[in-house]
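Lettering of chains follows the sequences in order, A, B, ..., and the numbering in each one begins at 1. Please read these numbers as outputs of a predicted model, since none were measured by experiment.
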2 protein chains.
Amino acid sequence: MTNLSIGELSRRVSVKVPTIRYYEQIGLLPAPPRTEGRQRRYGAEDVSRLSFIRHARELGFDVEAIRELLSLSAAPEQPCEPADRIVLRHLESVERRIAQLQLLGSELRHMLDDCRHGQVGECRIIQVLADHEQCRHEHGRVS
Amino acid sequence: MTNLSIGELSRRVSVKVPTIRYYEQIGLLPAPPRTEGRQRRYGAEDVSRLSFIRHARELGFDVEAIRELLSLSAAPEQPCEPADRIVLRHLESVERRIAQLQLLGSELRHMLDDCRHGQVGECRIIQVLADHEQCRHEHGRVS
DNA sequence: CTTGAACCTCTAGTCGCTAGAGATTGTACG
DNA sequence: CGTACAATCTCTAGCGACTAGAGGTTCAAG
């Protein structure tokens, strides 16, 4: 359970070795003790913390949000409203991205529908790209 | 119409000046003629090409796809099936991303719903992050 | 002719990793 | 105990599509 090498930690938590070192470098994970030969050795606490980070990344939180969530989770007496707000903010950005992508998707479907599958010279796909006025919507930038 | 400075081209096409230089650097835009003092001067052809690029970027195509679309658009006699395929491939990736984000969104909504808005110690948000087994789905990585 | 906005090149930073080089360490086996 | 070799170490660079800034030059209006 304790004194895991970085490779063992990696397998347990399904986070790649270089990613673990990267997390240490940016301060998401504390620097663990080392063997005499300077190899890292991890304990149960690190397993939990890295799992937390991995789950949060899977949910699409960026590193800054994870930093905040981690520091919130260390203070169980505090109100959880700040955590709430972080999740809500992220949810809203996910929803904005979905809306953007849906616009994009319908645009692309229209392009495909309109294309008569002939030659490039009369291809609606190319025409729409060349002259956007023939297009249905305006978009912002999608991340 | 012709002999535009990079700033004029930028305003016409709504692409920022450094972005135009970047496109030249990566070979999306041809290197234009210069004045004696080495400043770029653009013509009508560049306006079209840059518009094409901008529209394609708005539709989320990556630079490699745009490169292909541009070279296809230069050959009006060729069948437009390759263009078709590029658009379809992109549409599919957009749809995959939408599906991913929708999973994420519902996950985040559940977290918010479950949170009783008390203290961090009993906060479902923190708990779910700390122990993913309490969670509903498995996800892959979202771009 | 002077001013100053626009232009030039070059480098580095963004985000969250990933890949690779080249050196060192840990460990299993004989 | 020696050796082989997998795993670890540090460091640097690269991804994509730009963006920002420094420090210097040119163009065009008045």
Side-chain angles (χ1 to χ4, degrees), chain A residues 3-29 31-42 46 50 52-70 90 93 97 100 104 139-143, chain B residues 3-29 31-42 46 50 52-70 90 93 97 100 104 139-143:
Chain A
N3 265 359
L4 305 168
S5 73
I6 197 170
E8 286 160 340
L9 178 62
S10 167
R11 278 187 292 281
R12 260 168 201 265
V13 186
S14 301
V15 173
K16 289 178 190 159
V17 167
T19 304
I20 296 174
R21 287 195 280 248
Y22 169 72
Y23 286 160
E24 179 183 329
Q25 188 187 310
I26 64 173
L28 266 195
L29 277 181
R34 304 278 185 125
T35 62
E36 284 198 1
R38 309 206 156 278
Q39 297 196 357
R40 294 166 177 84
R41 288 298 177 265
Y42 294 95
D46 298 303
L50 187 53
F52 188 107
I53 294 168
R54 189 197 135 200
H55 301 331
R57 285 294 300 133
E58 281 173 355
L59 289 168
F61 291 98
D62 60 26
V63 166
E64 263 319 291
I66 295 174
R67 231 184 270 279
E68 294 173 49
L69 288 168
L70 277 168
H90 181 46
S93 104
R97 275 158 56 197
Q100 273 290 339
L104 236 61
H139 350 248
R141 188 118 338 196
V142 183
S143 62
Chain B
N3 265 0
L4 304 168
S5 75
I6 198 172
E8 286 159 339
L9 177 62
S10 168
R11 277 187 294 282
R12 259 168 201 265
V13 186
S14 300
V15 173
K16 289 180 191 159
V17 167
T19 305
I20 296 173
R21 287 195 279 246
Y22 169 70
Y23 286 160
E24 178 182 330
Q25 189 187 309
I26 64 174
L28 265 196
L29 276 181
R34 306 277 185 127
T35 63
E36 284 200 1
R38 308 204 156 281
Q39 296 197 358
R40 293 166 177 85
R41 288 298 179 264
Y42 293 96
D46 299 302
L50 187 53
F52 188 106
I53 295 169
R54 189 196 136 202
H55 302 331
R57 285 293 300 132
E58 281 172 357
L59 289 168
F61 290 98
D62 60 25
V63 165
E64 263 319 293
I66 294 174
R67 233 184 268 279
E68 293 173 49
L69 287 169
L70 277 167
H90 181 46
S93 105
R97 274 160 50 190
Q100 273 289 340
L104 236 60
H139 348 247
R141 189 114 343 193
V142 183
S143 63

Any heavy-atom pair between the side chains of A/Tyr42 and A/Leu50 that's under 4.5 Å?
no
Over how many whole Å does the gap from B/Arg67 atom CZ to D/dG16 atom C1' extend?
12 Å
For D/dC27 and B/Thr35 - does any side-chain N or O of the residue sit under 4.0 Å from the phosphate oxygens OP1/OP2?
yes
Where the side chain of A/His90 meets the backbone of A/Leu59, is there a donor-acceptor pair that is under 3.5 Å apart?
yes
Toward the 5' end of DNA chain D, by each residue's nearest nucleotide, B/Glu36 or A/Ile6
A/Ile6
Is there a side-chain contact between B/Tyr23 and the phosphate of D/dA17, meaning an N or O under 4.0 Å from OP1 or OP2?
no
For C/dG16 and A/Thr19 - does any side-chain N or O of the residue sit under 4.0 Å from the phosphate oxygens OP1/OP2?
no
Could you tell me whether the phosphate oxygens of C/dA23, OP1 or OP2, come under 4.0 Å of any side-chain nitrogen or oxygen in A/Arg38?
no
Looking only at C/dG16, D/dA17, D/dC9, the nucleotide nearest the B/Tyr22 side chain is D/dA17
Should B/Glu24 and B/Arg21 count as an ion pair when the cut-off is N to O under 4.0 Å?
no
Side-chain N,O (A/Ser5) to OP1/OP2 (D/dA7) below 4.0 Å
no
Please state how far atom CD in A/Glu64 lies from atom P in C/dG16, giving the value in whole angstrom units.
9 Å
May I have the distance from A/Phe61 (atom CZ) to C/dC15 (atom P), rounded to whole angstrom?
18 Å
Expressed as a whole number of angstroms, how long is the span from A/Ile26:CD1 to C/dC17:P?
7 Å
B/Tyr42 OH to C/dC8 C1', in whole Å, measures 12 Å
To the nearest angstrom, how far is B/Glu58 atom CD from D/dA17 atom C1'?
15 Å
Could you tell me whether A/Glu58 and A/Arg54 make a salt bridge, using a distance below 4.0 angstrom between a side-chain N and a carboxylate O?
yes
Options C/dT18, D/dA17, C/dT27, nucleotide nearest the side-chain atoms of A/Arg41:
C/dT27
Winner on side-chain proximity to A/Arg34, out of C/dT18, C/dG26, D/dC9, is D/dC9
Within this structure, what is the CG-to-C1' distance between A/Leu4 and C/dG26, rounded to whole angstrom?
15 Å
Toward the 5' end of DNA chain D, by each residue's nearest nucleotide, A/Gly37 or B/Lys16:
A/Gly37
Where is the tightest heavy-atom contact between A/Arg57 and A/Asp62, given as atom of each residue plus distance?
NH1-CA, 4.1 Å
Interatomic distance, B/Ile20 CD1 vs C/dC8 C1' [rounded to whole Å]
14 Å
At under 4.0 Å, does any side-chain N or O of B/Arg21 touch on OP1 or OP2 of C/dC8?
yes
Which nucleotide, D/dA17, C/dG16, C/dC8, lies nearest any side-chain atom of B/Gln39?
C/dC8
Nearest heavy atom decides the nucleotide; on that basis, is B/Arg11 or B/Gln25 closer to the 5' end of DNA chain C?
B/Arg11
Please give me the minimum heavy-atom distance between B/Gly7 and B/Val17, naming the atom from each residue.
CA-CG2, 4.1 Å
